[in-house]
Amino acid sequence: MEMERMEFCLSCGMPLNMPDAKGMSESHCKHCTLDDGTVKSREEIQKGIAQWFMQWQHVDEETAMKRAEHYMKSMPEWADK
Ligand SMILES: [Zn+2]
């Protein structure tokens with residue numbers, strides 16, 4: 001039997017098998033893509049991830065943006081950019 005493959009969004013790392021994660025793209029979650037499956041700009045993604053840090057870690061926006069930038073360096077989509 002084949003193991004179920006875990007797939008993660010290349011941009012933010014969200015597991016794509018989570019409810020509501022899947023959009024039009026096969027490799028990115030719907031939070032990181034537009035309605036047609038195009039990946040959003042780096043700035044938009046960073047702001048989105050920063051919002052997530054602010055909610056979960058209760059940090060201010062500046063700290064959250066820095067953490068988001070650092071976090072994105074580990075993502076395949078943004079590692080070299
Ligand atoms: Zn994503």
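Just so it is clear, the structure is predicted and the values come from calculations on it, not from any experiment. Both counts, for ligands and for their atoms, begin at 1 and track the order of listing.
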S.K.: Measure the shortest side-chain to side-chain distance between M24 and D36 over non-hydrogen atoms and say whether it is less than 4.5 angstrom.
M.R.: no
S.K.: Nearest 0.5 Å please: distance from the NZ atom of K47 over to the CZ atom of R42.
M.R.: 13.0 Å
S.K.: Kindly check if the number of other-residue, nucleotide or ligand heavy atoms within 6.0 Å of CG (D35) is above 12?
M.R.: no
S.K.: With rounding to the nearest 0.5 angstrom, report the CD to NZ distance, E77 to K40.
M.R.: 13.0 Å
S.K.: I'd like to verify the contacts: list protein N, O or S atoms under a distance of 2.8 Å from the Zn ion (ligand 1).
M.R.: C9 SG, C12 SG, C29 SG, C32 SG
S.K.: Side chains of residues 64-73: which donor-acceptor partners sit under 3.5 Å, not counting sequence neighbours?
M.R.:
from: K66; atom 1: NZ; to: E62; atom 2: OE2; distance (Å): 3.4
from: R67; atom 1: NH1; to: Q57; atom 2: OE1; distance (Å): 2.6
from: Y71; atom 1: OH; to: C12; atom 2: O; distance (Å): 2.6

S.K.: Could you tell me the separation between the CE atom of M14 and the SG atom of C9, rounded to the nearest 0.5 Å?
M.R.: 8.0 Å
